[in-house]
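Single-structure report; data block below.
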Amino acid sequence: MTARPTAQHTDGRRERSRSSRSKIVAALLDLVGKGDVAPSAARVAEVAGVGLRSVFRHFDDMDELYREMGEVIEAQVMPIILQPPSGATWREKLFDIADRRAMVFETILPYRISGNLKRFQSPYLMQDYRRMLRLESDTIESYLPVMVKADVVGTHGLNVILSFHTWRLLRHDQELTVDNAKAVVRRLLGDAMAGMPED
């Protein structure tokens, strides 16, 4: 006779736990998205509407919380990143990649800046940072002709132009508008490709 109430009580507790965890992640996303790129656990708890102890009941440390934030952001943008670029030539494909990355980088800008601030104290975030760098460079190089890839210096240059760091420099440091930042990237990309073989 007591099995059903006990099961309902357990299910309710699990649901509250999931709800609290979701609120904590949502609070971190909200804070970072609004420009607080290094919020404290206390501030996250305040925005989430939970106690500070609750944050660390659900997450071993802030590193784990940042890890979950990264997974949420990655799930949003990865379909765009992995979509094959349009264009008949490798040059057209790279211009399409540039436009698509502008959209992705703009979406992840505050979150990537936040992660970059913490990666030097977090082996996981550093590993994830290097994974994303490899993905960015591998994506570009997969569309380059053999003769172009043979120019190692030129290939590295293309990776720099199409990197998140270039986008951050233009948007965050130089405070360019999105359209002006895109124009700079396209100009740099066009100039870099002008001296490269056709195929």
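Please read all numbers here as calculations on a predicted model, not as lab measurements.
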Reference residue Phe164; test ring pair (Phe, Tyr, Trp, His ring centres under 6.0 Å); the match among Tyr129, Phe105, Tyr111: Phe105

Let me confirm one number: the CG-OG1 distance from Leu162 to Thr139, rounded to the nearest 0.5 Å. 10.5 Å

Side chains of Asp191 and Arg187: does their closest heavy-atom pair fall under 4.5 Å? yes

When hydrophobic residues are tied together by side-chain contacts of less than 4.5 Å, even through go-betweens, does Leu133 share a cluster with Val160? no

Could you go step by step and tell me if Val47 and Arg43 meet the side-chain contact (heavy atoms from CB on, under 4.5 Å) rule? CA-CA 6 Å; Val47 172; Arg43 181 68 179 131; 3.6 Å; yes

Looking at Ser114 and Val37, what are the two nearest heavy atoms and their distance? OG-O, 2.6 Å

Between Ile73 and Leu29, does the side-chain contact (heavy atoms from CB on, under 4.5 Å) criterion hold? Intermediate values first, please. CA-CA 9 Å; Ile73 297 301; Leu29 285 163; 3.7 Å; yes

Could you give all pairs that pass the salt bridge (charged side-chain N to carboxylate O under 4.0 Å, His left out) test and reach residues 160-171, with sequence neighbours left out? Glu106-Arg171, Arg168-Asp173

For a side-chain contact (heavy atoms from CB on, under 4.5 Å) check, start with the C-alpha distance between Val50 and Val44, then their side-chain angles and the critical distance, and finish with the verdict. CA-CA 9 Å; Val50 301; Val44 172; over 6 Å; no

Ignoring hydrogens, what is the shortest heavy-atom contact between Val178 and Trp167? Give both atom names and the distance. O-CH2, 3.8 Å

Checking Arg119 side chain against Leu125 main chain: does a donor-acceptor pair fall under 3.5 Å? no

Between Gln76 and Pro79 the two heavy atoms that sit nearest each other are O-CD, 3.9 Å

In the single-linkage hydrophobic clustering (I, L, V, M, F, W, Y; side-chain heavy atoms under 4.5 Å), do Ile97 and Leu82 co-cluster? yes

Tell me whether the count of non-hydrogen atoms from other residues, nucleotides or ligands lying under 6.0 Å of NZ in Lys34 goes above 12. no

Does a donor on one side chain sit under 3.5 Å from an acceptor on the other, for Ser122 and Asp63? yes

Output yes when a side-chain donor or acceptor of Asn159 lies under 3.5 Å from a complementary backbone atom of Thr155, and no otherwise. yes

Would you say the side chain of Met78 lies within less than 4.5 Å of the side chain of Leu135, judging by non-hydrogen atoms? yes

Apply salt bridge (Lys or Arg N to Asp or Glu O under 4.0 Å) to residues Arg131 and Asp128 and explain how you reach the verdict. CA-CA 5 Å; Arg131 179 179 65 87; Asp128 194 58; 2.5 Å; yes

Side-chain heavy atoms of Glu136 within contact of Arg101, under 4.5 Å: yes

Salt bridge (Lys or Arg N to Asp or Glu O under 4.0 Å) between Arg186 and Asp99, intermediate numbers included: CA-CA 8 Å; Arg186 289 181 68 89; Asp99 291 340; 3.0 Å; yes

Closest contact, heavy atoms only, Thr107 versus Val77: CG2-CG1, 4.1 Å

Does the side chain of Lys93 come within less than 4.5 Å of Ser86's, by heavy atoms? no

Working to the nearest 0.5 angstrom, can you tell me the gap between Lys118 NZ and Ile113 CD1? 15.5 Å

Hey, any chance Val72 and Leu31 share a hydrophobic cluster, counting ILVMFWY side chains that come within less than 4.5 Å of each other, even indirectly? yes

State, yes or no, whether a side-chain contact exists between Gln121 and Met126 at a heavy-atom distance under 4.5 Å. no

Heavy-atom closest pair, residues Trp90 and Pro197: CZ2-O, 3.4 Å

Non-hydrogen atoms of Ile24 and Val55 that approach each other most closely: CD1-CA, 3.8 Å

Do Met196 and Leu158 have side chains that approach each other closer than 4.5 Å (heavy atoms only, starting at C-beta)? yes

Between CG on residue Leu28 and CE on residue Met69, distance to nearest 0.5 Å: 5.0 Å

Evaluate salt bridge (Lys or Arg N to Asp or Glu O under 4.0 Å) for Arg112 paired with Glu74, printing each intermediate quantity in order. CA-CA 11 Å; Arg112 189 89 173 256; Glu74 186 170 316; over 6 Å; no

For His165, I'd like to know if atom NE2 has over 12 heavy atoms of other residues, nucleotides or ligands within 6.0 Å. yes

Atom pair OG/NE2 of Ser22 and His58 - distance to nearest 0.5 Å: 9.5 Å

Please report the interatomic distance CE(Met132) to OG(Ser163), rounded to the nearest 0.5 Å. 12.5 Å

So NE2 of His156 and OG of Ser137: to nearest 0.5 Å the spacing works out to 9.0 Å

Under the criterion side-chain contact (heavy atoms from CB on, under 4.5 Å), I'd like the reasoning laid out for Leu94 against Met193: C-alpha separation, chi angles, the key distance, then a yes or no. CA-CA 10 Å; Leu94 256 58; Met193 292 190 298; 4.0 Å; yes

